[in-house]
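One structure is given here, and the rest of the page talks about it.
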Amino acid sequence: MPAARARCAIVHYHEISLKRGNRPLFLRYLQQNLSRALADLGAPRVTQLTGRIVLEPAPGAELEAVAERVGRVFGVANVAVAERAGTSLEALKQAVDRVTEGRAFASFRITARRAFKTLPHTSVELNRELGAHVLARHATRVDLDHPELNVHVEVLPGQAFVYGNRRPGPGGLPVGASGTVLALLSGGIDSPVAAWRLMKRGCRVLFVHFHSLPYLPDDSIRKARDLAQRLTCWQYFSRLHLVPFGEIQRAVVLAVPAPARVVIYRRLMLRIAEALGRRAGAAALVTGESLGQVASQTLQNLSCIDGAASLPVLRPLIGMDKLEITAQAQAIGTFETSIEPDADCCTLFVPRHPGTRMSREEAQALEARLDLAGLVAQGVEGTREETFDFPAGFGPYPSRPPQGAPAAGSPPR
Ligand code: ATP
Ligand code: MG
């Protein structure tokens with residue numbers, strides 16, 4: 001085994017989600033996702049230690065770049081670039097020197113933690129000894145509540161890690177640990193955010209986009225592709241299903257009065273999505289609907305739409321308003337693509353005044369005029385699949401990691 005390197009990245013995860021015996025699963029997915037996120041940065045060695053994961057990048061790999069990447073992996077609570085040291089007081093002092101040297105900080109604190117109480121030196125002793133050591137070398141003062149530099153000292157059996165301020169991770173659960181879902185991805189602002197929120201809860205998200213080629217140009221397909229690619233930086237591999245929907249809409253227009261069409265389109269979308277989703281092992285469908293945002297998103301219409309699918313339909317944005325959704329789209333880097341102009345299939349054959357209250361019975365009566373099974377089969381058979389890998393073709397991450405929004409299958413591919 002190669003010798004342990006002195007500098008490494010240390011990753012902490014949310015213990016809270018690990019209580020129900022799902023810890024091994026959680027850690028397996030987290031470790032796999034960390035390796036994928038870092039594949040192009042010299043594939044670091046990944047080691048699990050009690051309550052934390054240590055990453056040792058290949059020689060020459062930029063540790064800060066590694067930490068930046070890790071800071072975007074779901075399941076990560078925080079990450080820091082750390083000095084590995086022995087557990088003697090002298091070794092810890094030297095590691096603290098390496099962390100603090102060349103830095104100016106008006107205030108600091110030492111935050112020492114021991115993994116096992118049997119270790120020499122209590123945390124209080126370490127805080128005092130190492131704090132005095134720093135004060136003797138730097139023009140600074142102790143501030144326990146709001147330190148400019150928080151020097152963390154984690155003592156494990158046989159080794160310790162010392163590091164400065166931590167970089168917060170996105171929290172949530174590792175992608176894959178909660179299973180697979182299929183998200184209906186339009187070119188709009190909402191559905192990419194909805195997909196992202198399920199990823200954050202540990203789902204691998206497959207995508208389906210309904211387009212209207214050749215009735216409309218392929219703008220909406222290009223947007224869906226771009227959004228799928230951007231979202232792939234959170235799950236490392238994605239699959240996008242492209243369904244030809246123009247002919248299906250035409251059939252609806254011929255048989256269904258204008259005010260009822262939007263709901264009938266959505267019910268057809270759900271049926272096709274369900275067929276594709278079941279084939280791909282998805283346990284639920286996801287949409288970007290938010291209560292009352294548009295006429296098709298009233299409680300009555302949502303209930304009517306739900307009636308078309310037997311898989312659960314998850315709507316993570318249901319209680320969010322447009323401003324909140326927009327802020328999140330900006331934070332995750334999908335907003336710019338979503339606001340590009342396009343002629344989505346929903347703009348084709350869409351009535352000016354859609355109905356707001358359709359019952360399931362009314363919908364079924366209207367659908368009796370259609371060859372439902374034939375239309376669904378037509379959509380499913382016409383579907384093309386594309387795949388996306390991380391980080392190929394992917395631009396920079398959004399400028400700040402998304403925080404704020406509340407933060408466990410089947411194999412990833
Ligand atoms: P979005 O911003 O996601 O487009 P929206 O506010 O425009 O949502 P609707 O047009 O009513 O709302 O669409 C509701 C949901 O239906 C979308 O969030 C998306 O999940 C799904 N959807 C709508 N159009 C399409 C499409 N062309 N392809 C795939 N899914 C779609
Ligand atoms: Mg839309």
Side-chain angles (χ1 to χ4, degrees), residues 4-15 34 38 41 44 47 49-57 61-73 76-116 119-156 158-171 397 399-404 407:
R5 301 218 304 137
R7 291 187 82 222
C8 56
I10 187 153
V11 181
H12 293 94
Y13 39 84
H14 284 293
E15 291 281 350
L34 286 168
L38 299 170
L41 293 181
T47 317
L49 298 174
T50 337
R52 67 250 314 135
I53 293 175
V54 174
L55 301 172
E56 292 159 274
E62 250 306 315
L63 260 171
E64 288 300 336
V66 168
E68 148 84 22
R69 275 288 171 82
V70 172
R72 315 301 175 114
V73 176
V76 171
N78 58 66
V79 54
V81 173
E83 297 286 337
R84 194 199 289 265
T87 57
S88 71
L89 195 54
E90 194 46 42
L92 292 174
K93 282 181 182 170
Q94 285 171 15
V96 168
D97 285 343
R98 291 199 296 278
V99 168
T100 54
E101 75 194 1
R103 293 173 84 148
F105 43 98
S107 62
F108 81 106
R109 68 166 288 164
I110 306 280
T111 307
R113 280 216 325 249
R114 298 178 308 159
F116 298 95
L119 295 166
H121 310 297
T122 65
S123 304
V124 175
E125 281 165 10
L126 288 176
N127 287 339
R128 202 169 45 223
E129 293 282 344
L130 298 172
H133 181 76
V134 171
L135 282 173
R137 278 165 181 70
H138 295 266
T140 184
R141 65 187 166 81
V142 173
D143 183 341
L144 295 181
D145 297 322
H146 303 288
E148 194 178 314
L149 179 65
N150 192 341
V151 182
H152 297 265
V153 179
E154 295 183 11
V155 187
L156 279 65
Q159 61 181 338
F161 297 92
V162 179
Y163 52 89
N165 296 335
R166 300 156 156 183
R167 185 190 290 270
Y397 275 103
S399 55
R400 63 196 158 87
Q403 300 285 315

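Residues: numbered from 1 along the sequence shown. All of these numbers come straight from a predicted model, not from anything done at the bench. Below, all heavy atoms of this structure are taken into account, side chains as well, without hydrogens, waters or symmetry copies.
- Scanning both residues, Leu63 and Cys8, for their nearest heavy atoms gives CD2-C, 3.7 Å.
- Closest approach of Pro170 and Arg72 over heavy atoms only: CG-C, 3.7 Å.
- In this structure Ala65 satisfies the side chain to side chain contact (heavy atoms under 4.5 Å, CB included) test together with Leu41, Glu62, sequence neighbours excluded.
- Salt bridge Glu125/Arg114: absent, no basic N to carboxylate O contact under 4.0 Å.
- A heavy-atom distance below 4.5 Å is found between the side chains of Gln159 and Leu49.
- Two residues are said to be in side-chain contact when any heavy atoms from C-beta on lie closer than 4.5 Å; Glu64 and Glu68 fail this criterion.
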Checking side chain to side chain contact (heavy atoms under 4.5 Å, CB included) for the pair His133/Asp97: CA distance, chi angles, key distance, verdict? CA-CA 9 Å; His133 181 76; Asp97 285 343; 2.8 Å; yes
Run Arg84 and Glu56 through side chain to side chain contact (heavy atoms under 4.5 Å, CB included) and show every step you take. CA-CA 11 Å; Arg84 194 199 289 265; Glu56 292 159 274; 3.3 Å; yes
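- With rounding to the nearest 0.5 Å, the separation of CG in Leu135 from OG1 in Thr140 is 7.0 Å.
- Counting all heavy atoms, side chain and backbone alike, His146 lies closest to Ser107 at O-OG, 3.8 Å.
- Between Asn165 and Leu149 the shortest side-chain heavy-atom distance falls below 4.5 Å.
- Residue Val79 comes nearest to Ala9 through the heavy atom pair CG2-CB, 4.3 Å, listed as atom of the first residue, atom of the second, then distance.
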Check the pair Arg103, Glu148 against salt bridge (charged side-chain N to carboxylate O under 4.0 Å, His left out), reporting the backbone distance first and the verdict last. CA-CA 11 Å; Arg103 293 173 84 148; Glu148 194 178 314; over 6 Å; no
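- Between Leu126 and Leu89, the closest side-chain pair of non-hydrogen atoms falls below 4.5 Å.
- When Asn150, Thr100, Val142 are each tested for a side-chain contact (heavy atoms from CB on, under 4.5 Å) with Phe108, only one passes: Val142.
- What you find for Val70 and Val76 is that their closest heavy atoms are O-CG2, 3.7 Å.
- Between Ala85 and Ala95, the closest heavy-atom pair is CB-CB, 3.7 Å.
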Assess whether side chain to side chain contact (heavy atoms under 4.5 Å, CB included) is satisfied between Val151 and Val134, documenting all intermediate values. CA-CA 10 Å; Val151 182; Val134 171; 5.5 Å; no
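- Contact of the His152 side chain with the His12 side chain is not registered, since no non-hydrogen atoms from C-beta on lie closer than 4.5 Å.
- Looking at heavy atoms from C-beta onward, Phe105 lies out of side-chain contact with Pro147 at the 4.5 angstrom threshold.
- With contacts defined as side-chain heavy-atom distances shorter than 4.5 Å, the pair His121/Glu129 does not qualify.
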